[in-house]
Undergrad: 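After the structure tokens below, expect a handful of questions from me.
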Amino acid sequence: MDVRSQKTYEALFALEDLREILRETSPTHELNNEQSKRFHDILQRVKKTLEEIEYNKSGSEIKYLADRIELRLREEDHINLNPIQAGGRLTPEARKALIAYGDGYSVCDHCLKPFRLDYIKRPPVQEFYSELADFLNMDAVRVVKGARSGFQIVANALLDKGDTALIAEVGHYSLALAIESAGAEWKEISLDENNIITAENTQKKIEEVKRDTGKLPKLIAIPHIDYTYGNEHKVKEIADVAHEYDIPFLYNGAYTVGVMPVDGKEIGADFIIGSGHKSMASPAPTGVLATTREYAEKIFKTTSNRGDISGRSFGIKEVYLLGCTVMGAPLIAMMASFPRVKERVKHWDQELKKIEYFIKEFLNIEGNSIISELPRRHTFTKVDCTNSFDKVAQTHKKKGFFLYDELDKRKITGIFPGATKQLKLSTYGLTWEQIKYLTEAFKDIAEKHGITVK
Ligand SMILES: *Cc1c(COP(=O)(O)O)cnc(C)c1O
């Protein structure tokens, strides 16, 4: 058994225990007898663990980091195909940030007037915000607690009771809830026969809402890539139609910002929303909300009320953001990943080549087909195995779980347990070696169960 991942955790955790002694004894770091002994014991343990890592030697591996909280070894020991997890895997820099900035309000160490997160210069939060706006080619940006929090901020600022907002037939549930939470109603734009949201269907729906309610929709929010098919929707054309009616357009980039190039001005987006934990190599909860000069004042509105007793007011705190948004480790980790994220979007074509290769091999398994649009414009892909693995499942004693088990044996994970008809997967971020291992594994499983492989 390969114990190196577990042992690496063991060494890291031991060093955290060591760090605790440094905290206990600050500022002098004069250790008493008990502390000296502990310090020494920990160092011995680390040295032993390092040796175990070097020689891949098992001993008594730890399983938990605290009471019933397991170590998470998914990314160290497996190929993880779960499409919602691929783009959110942390960079080593982000993991270091989590260790160093984990203390609660750590980011507030050097928060000076005007006391707002996006003005902090040390660490360089302010600079990060401005680079992030450039990265998206938008005028203003804020880091928020996930794409959903971005939706809610926009919905709160733009929608009133009785308003309608348009979303895609495959729009994310959190967008629907954000609209509902603002007291407005959401209506859906239907997919066309190719499972794509088009400008034509958008216009039809605008007209329908106008006819039925006597008012135009107040917002149109469409995913560039949806979570059901991973298909690319006609965001640029939809933005144009929205603007013909003077309706703001929200580009939902949960699956795009941070993995592929996104240019807000080129798209014509009034709002760009991204998900840090889905696509920006960041921990949860993180996301981005970017907008234009025109809308910045509205959605980043600052407080104007005054306390009737105290007379207090809260300066330039932004109302819909509840002042400061993402603090501490998640924000700093997102910043730490950013240089690599900026670089990786330039190599999106490479990622498409990998999914293309995977699909080509996958289709060599008789009965397999692809539900997502082809050629792929995203690595997140829905495949159909009704005429291959699902047939095996019909007579297998483990039913649909046989596929999950076979993949698991080969250290491949992230496929929904029990599913054999339609599977969602993403090859994002895998190396070519891993892609080849993956395709061989699928073919191997097929052959083992009597499915013809070309
Ligand atoms: C994942 C996803 C979201 C939600 O993102 P969070 O950052 O978790 O709030 C929204 N929209 C789409 C299309 C998604 O795929």
Side-chain angles (χ1 to χ4, degrees), residues 80-90 94 132 136 141-156 165-182 186 188-189 191 195-197 202 219-235 238-239 249-260 262 267 269 271-290 299 320-322 325-326 330-331 333-334 337-338 341 371-373 376-382 414 416 424-426 428-429:
N80 182 9
L81 299 175
N82 191 337
I84 69 170
Q85 293 182 326
R89 271 192 287 261
L90 298 186
L132 201 50
L136 297 169
V141 70
R142 300 288 184 270
V143 173
V144 293
K145 289 170 254 167
R148 65 197 69 205
S149 163
F151 301 149
Q152 193 168 39
I153 290 164
V154 174
N156 270 329
L166 297 185
I167 70 172
E169 192 185 339
V170 286
H172 198 261
Y173 80 90
S174 63
L175 172 61
L177 300 191
I179 293 163
E180 199 176 328
S181 80
W186 49 275
E188 297 173 319
I189 303 168
L191 294 162
N195 292 328
I196 306 288
I197 303 288
T202 303
L219 176 71
I220 298 175
I222 302 295
H224 190 183
I225 302 292
D226 71 81
Y227 75 94
T228 307
Y229 300 105
N231 285 356
E232 182 179 52
H233 304 287
K234 304 283 182 201
V235 285
I238 294 169
F249 175 66
L250 184 153
Y251 168 99
N252 180 0
Y255 265 113
T256 59
V257 171
V259 295
M260 59 188 262
V262 172
I267 296 158
F271 308 103
I272 294 237
I273 282 181
S275 173
H277 45 262
K278 191 176 264 156
S279 300
M280 298 178 76
S282 303
T286 51
V288 297
L289 164 57
I299 64 166
Y320 300 116
L321 275 63
L322 304 181
T325 54
V326 180
L331 174 65
M334 186 184 218
S337 275
F338 192 53
V341 165
I371 299 167
S372 302
E373 64 176 343
R376 298 298 305 127
R377 295 185 174 91
H378 200 279
T379 55
F380 165 24
T381 298
K382 195 170 184 177
F416 196 75
K424 288 176 175 181
L425 55 88
S426 176
Y428 185 74

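The shown structure was predicted, so the numbers you read here are calculated from the model rather than taken from an experiment. Every number for a ligand or one of its atoms is a count from 1 in the order of the listing.
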Undergrad: For atom 1 (C) of ligand 1, tell me which residue out of R148, M280, Q152, K278 has the closest non-hydrogen atom.
TA: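 Considering heavy atoms of R148, M280, Q152, K278, the nearest to atom 1 (C) of ligand 1 sits in K278.
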Undergrad: Just by distance, do the side chain of S337 and the backbone of A281 share a donor-acceptor pair under 3.5 Å?
TA: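 Yes; judged by distance alone, with no hydrogens or angles, the pair exists.
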Undergrad: I'd like to check which ligand 1 atoms, numbered from 1 as shown, lie under 4.0 Å from a non-hydrogen atom of Y227.
TA: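 Numbered from 1, ligand 1 contributes 15 (O).
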Undergrad: Going by the atom numbers of ligand 1, which of them fall below 4.0 Å from some non-hydrogen atom of A147?
TA: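 What qualifies from ligand 1 is 5 (O), 6 (P), 7 (O), 9 (O).
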Undergrad: The criterion is salt bridge (Lys or Arg N to Asp or Glu O under 4.0 Å); which residues satisfy it with R148, sequence neighbours excluded?
TA: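 In terms of salt bridge (Lys or Arg N to Asp or Glu O under 4.0 Å), with neighbours along the sequence ignored, R148 is linked to no residue.
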Undergrad: Number the atoms of ligand 1 from 1 as they appear, then name those within less than 4.0 Å of a heavy atom of Y255, with their elements.
TA: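 Counting atoms of ligand 1 from 1, those under 4.0 Å from Y255 are 15 (O).
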Undergrad: Mind checking whether Y255 and H224 have ring centres under 6.0 Å apart?
TA: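 Distance test on ring centres: not under 6.0 Å, no.
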Undergrad: Could I get the full list of side-chain hydrogen bond (donor to acceptor under 3.5 Å, both in side chains) partners for S279, not counting sequence neighbours?
TA: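 With neighbours one apart ignored, the set is empty.
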Undergrad: Against heavy atoms of H277, which atoms of ligand 1 measure under 4.0 Å?
TA: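 Here the atoms of ligand 1 in question are 6 (P), 7 (O), 8 (O).
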Undergrad: With a cut-off of 6.0 Å (strictly less than), are more than 12 heavy atoms of other residues, nucleotides or ligands near NZ of K234?
TA: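 Open: at most 12 neighbouring heavy atoms sit under 6.0 Å from NZ of K234.
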Undergrad: Around atom 10 (C) of ligand 1, find the nearest protein heavy atom and jot down its residue, atom name and distance.
TA: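 Protein heavy atom with the smallest distance to atom 10 (C) of ligand 1: H172 CG, 3.3 Å.
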Undergrad: Applying side chain to side chain contact (heavy atoms under 4.5 Å, CB included) between N231 and each of L191, I197, D226, report the one that passes.
TA: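 In the set L191, I197, D226, the residue that makes a side chain to side chain contact (heavy atoms under 4.5 Å, CB included) with N231 is D226.
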Undergrad: Does K145, at its NZ atom, have more than 12 non-hydrogen atoms belonging to other residues, nucleotides or ligands within less than 6.0 Å?
TA: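 Result for NZ/K145: open.
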Undergrad: Does any N/O atom on S149 come nearer than 3.5 Å to any N/O atom on ligand 1?
TA: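 Min N/O separation from ligand 1 is not below 3.5 Å for S149.
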Undergrad: At a 4.0 Å cut-off, with the gap strictly under it, does some heavy atom of D226 reach an atom of ligand 1?
TA: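 No, that is not the case, since the closest heavy atom of the residue is not under 4.0 Å from the ligand.
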Undergrad: Show me which atoms of ligand 1 lie under 4.0 Å from any heavy atom of N252.
TA: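 Ligand 1 atoms under the 4.0 Å threshold to N252: 10 (C), 11 (N), 12 (C), 13 (C).
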